[in-house]
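Worksheet: the structure to be examined is printed underneath.
Computed from heavy atoms alone, side chains included, the values below leave out hydrogens, waters and symmetry copies.
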Amino acid sequence: MISPHDKEDDIPEEPADEQDDEIIATAFRGSLKVFMLVALLALGIWWLNLPDNVTEVIEDGDQVPVQVREVDEATPVLPFTDISVAAGIDFTHDSGGRGEKLLPETMGSGAVFADLDGDSDPDLLLASGRPWPWTDESPTSSTVRMWINKGHYSGTFIEVTEQWNLHLDAYCTGMAVGDVDGDGDLDLFVAAVGEDMLLINEGSRSFRLQDSSSGVSGHKNSWSTSAAFFDADGDGDLDLFICEYVRWSRQKDIDVDYRLTGLGRAYGPPTNFEGTQCRLLLNDGSGHFEDVSRQAGIHVMSGQSPVAKALAVIPVDINGDGAVDVMVANDTTRNFLFINRGDGTFEEAGVEAGLAYDANGSATGAMGLDISDYRNDGSVGVAVANFSAEMTGLYRSQRNDMLFLEESVNEGIGPPSRKALSFGLLFMDVDLDGRQDLIQANGHLEEEIAVVQPGQEYRQSAQLFWNRGPGNGCFEEIPTANTGDLGIPAVGRGLAYADIDGDGDLDLILTQAGDRARLLRNDQETHHHWLRIDPGRLPPGGWIELHQGDRVQRRLIGQTRSYLSQCENIITFGLGEDLTPPVIRFMAPGKNDWQESRPDSIDTIYSLEW
């Protein structure tokens, strides 16, 4: 070893042959540099002398059709206007929060648009929590309230809670409607923290609360969230799927004693609580239900522990075999995909399908859920609203394959959604151009979150992602300045749509945790054409198609979507400027092939018959 203190004369000389090798290596490296310089110069001369247009002819290989995007399209202005007061909607959600910081207080409640009085226009139901039983307070009104559309698509409402005999005193969460007794009108299921409720629509503008013999109540200590009616066993009546969240009690919440530095006691995440099991109830045809969850394959275990922490559900025939499957969004644990075997039993296949986790293989804080063919190419798109610092999940099937890829970044949803804490979300064609856009309601859990997480806010703007067609990302976020009152920050939770005023485009109800609901009228002015399809008694979970020449739009039948909420049953197809006479294709109950129907006009509601 040579020390820094050694003299130069003391350094031994290299052998003569090693010196020769070094001289040869130096010469070689110099020659190589000269060669590379000449090669680069020749490449530059070749490039400068290329013809203006060089075409490479590919003779072999299948050509994949691509829907060309109109690249010159600018992001449109798509404003919504808060008309709650003018329309007669005066509703404020009561979270029950009085300082103890209990988890249910963060979750909000849902909304339902449905034709409850049978006059063909959408009415509105809103659910609320209540003061906790150990306080001295009582709710000031029913914890489910109802408004009917004043006139035929008038866009204004009148409250009829008392008239319809709604006198509920429960901590309500989600709702679902369906004709469970086959008498032609819509009955109501209400999920709750505690026992659930079934209300039968008596057809005389009145609901009747069923007792526990209906079989839907569940355990008195359960916490139910979203729910869906669909025909699970193919017998022609509506069965009921109920999401259960976590095993919760006031004492468990207090014992967890979750805290944030600088805030003290705070709302704890669901990771601090055990999971539960979803429930599947089969209808006997008269509105009485039997719990078949275990034998039907709905219970999912990890070792000795139940996995489900379910917040959203959608019935969907995802593999096109005619039997309705079920997609479930779970909070902080893997999502479920229950594949219907055709006999009312199910196999859970979320992992195999690629829908269980995000692109990194991690479970997310999944809240809301919607499903659509948003590319109009026959693929199935699944959107999942997630917690803050997690992008909204966007999964797309590979055409008719049952393998889904996470496409949120590629499709333009990922980075803009990462900061938001999202709950309700919906695919809907806001501007009636024939492409499904995506809207999500956002809002945090902690009022003082900005103290411990700079850059986060309690009230957050809803986001509207405009679908500009396949290409370098389908979606582009519209600035809140161009979405009107939709962009006003909120503690967003439930989200549902309906055309409340008969102008063809879809309006919104957005619920908040501990704050007022907002009725948002769609004031887009594209003058695009549309066709609204009343599917009648087509069962939830199937698909309906609209054909115009080579363009095919596909929508999922059913009202259950988003978070704790349900949309109107009528399906809206935007036509843009295309006046080609449309053809409607659908699968009728009991049929093994597609049926066709040809509307004789557009810009109207068309009722299917078969």
Side-chain angles (χ1 to χ4, degrees), residues 176 178-180 189 216 226-244 277-285 289-301 307-308 310 312-330 334-356 369-373 378-382 384 395 397-404 535 537-545 554-561 566 586-594:
D179 182 7
V180 303
F189 171 79
V216 307
S226 293
F229 286 111
F230 74 108
D231 186 2
D233 54 1
D235 64 354
D237 55 34
L238 291 178
D239 308 306
L240 179 60
F241 190 102
I242 304 170
C243 293
E244 300 283 345
Q277 302 286 10
C278 296
R279 290 191 286 151
L280 177 63
L281 311 180
L282 293 188
N283 189 350
D284 67 1
F289 294 83
E290 177 186 1
D291 191 330
V292 297
S293 310
R294 185 181 300 276
Q295 54 266 46
I298 298 303
H299 285 185
V300 180
M301 302 291 292
V307 175
V313 58
I314 295 185
V316 52
D317 180 8
I318 206 161
N319 55 9
D321 65 355
V324 180
D325 315 301
V326 180
M327 175 79 192
V328 175
N330 285 308
R334 73 178 192 261
N335 300 321
F336 298 151
L337 177 61
F338 293 107
I339 299 296
N340 194 329
R341 295 189 178 99
D343 59 0
T345 65
F346 295 80
E347 177 184 2
E348 204 286 294
V351 173
E352 293 81 356
L355 292 166
L369 183 64
D370 202 5
I371 298 176
S372 182
D373 178 3
S379 62
V380 177
V382 178
V384 180
Y395 306 82
S397 70
Q398 304 308 291
R399 294 297 179 96
N400 295 322
D401 197 351
M402 271 296 294
L403 176 64
F404 286 77
R537 298 183 70 83
L538 286 180
W543 295 88
I544 186 168
E545 296 180 351
R554 206 164 58 120
R555 301 284 186 273
L556 183 64
I557 301 168
Q559 298 182 249
T560 304
R561 56 196 70 225
Q566 295 207 307
F586 58 95
M587 189 78 74
K591 304 291 185 180
N592 294 322
D593 56 350
W594 288 84

Check your understanding: Is any side-chain heavy atom of V216 closer than 4.5 Å to a side-chain heavy atom of R279?
Key ->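 A side-chain contact is absent here, since even the closest heavy-atom pair is not under 4.5 Å.
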Could you grab the distance from atom [atom1] of [X] to atom [atom2] of [Y], nearest 0.5 Å is fine?
X    : Y    : atom1 : atom2 : answer
N330 : C243 : CG    : SG    : 7.5 Å
I314 : D370 : CD1   : CG    : 4.5 Å
F338 : L280 : CZ    : CG    : 9.5 Å

Exercise for review: Could you tell me which residues satisfy side-chain hydrogen bond (donor to acceptor under 3.5 Å, both in side chains) with T560, sequence neighbours excluded, listed by chain and number?
Suggested key: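 Only Q566 meet the side-chain hydrogen bond (donor to acceptor under 3.5 Å, both in side chains) criterion with T560.
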**Study point:** All side-chain hydrogen bond (donor to acceptor under 3.5 Å, both in side chains) counterparts of Q559, not counting sequence neighbours
**Key:**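 side-chain hydrogen bond (donor to acceptor under 3.5 Å, both in side chains) check on Q559 returns nothing, list empty.
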Practice item. Give the minimum heavy-atom separation between F336 and A308, together with the two atoms involved. Key: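 Where F336 meets A308 most closely, the heavy atoms are CE1-CB, 3.7 Å.
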Point to revise | Heavy-atom closest pair, residues M587 and D593 | key: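 Shortest heavy-atom contact: SD-O, 3.0 Å.
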**Study point:** With sequence neighbours excluded, residues passing side chain to side chain contact (heavy atoms under 4.5 Å, CB included) with T345
**Key:**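 Residues passing side chain to side chain contact (heavy atoms under 4.5 Å, CB included) with T345: R341, D343.
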**Study point:** side chain to side chain contact (heavy atoms under 4.5 Å, CB included) involving D325 - partner list, sequence neighbours excluded
**Key:**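 Applying side chain to side chain contact (heavy atoms under 4.5 Å, CB included) to D325 gives D317, I318, N319, I339, N340.
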Please tabulate, for the side chains in residues 228-236, all donor-acceptor contacts under 3.5 angstrom to protein atoms that are two or more places apart in sequence or on a different chain.
| from | atom 1 | to | atom 2 | distance (Å) |
| --- | --- | --- | --- | --- |
| D231 | OD1 | G234 | N | 2.9 |
| D231 | OD1 | D235 | N | 3.3 |
| D231 | OD2 | D235 | N | 3.4 |
| D231 | OD2 | G236 | N | 2.9 |
| D235 | OD1 | D237 | N | 3.3 |

Practice item. Check for a donor-acceptor pair, side chain of N283 on one end and backbone N or O of V180 on the other, with a separation under 3.5 Å. Key: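 Yes, N283 side chain to V180 backbone: donor-acceptor pair under 3.5 Å.
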Practice item. Enumerate the residue pairs fulfilling salt bridge (Lys or Arg N to Asp or Glu O under 4.0 Å) with a member in residues 345-355, sequence neighbours excluded, ordered by first and then second residue. Key: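 Listed once each, the pairs are R334-E348.
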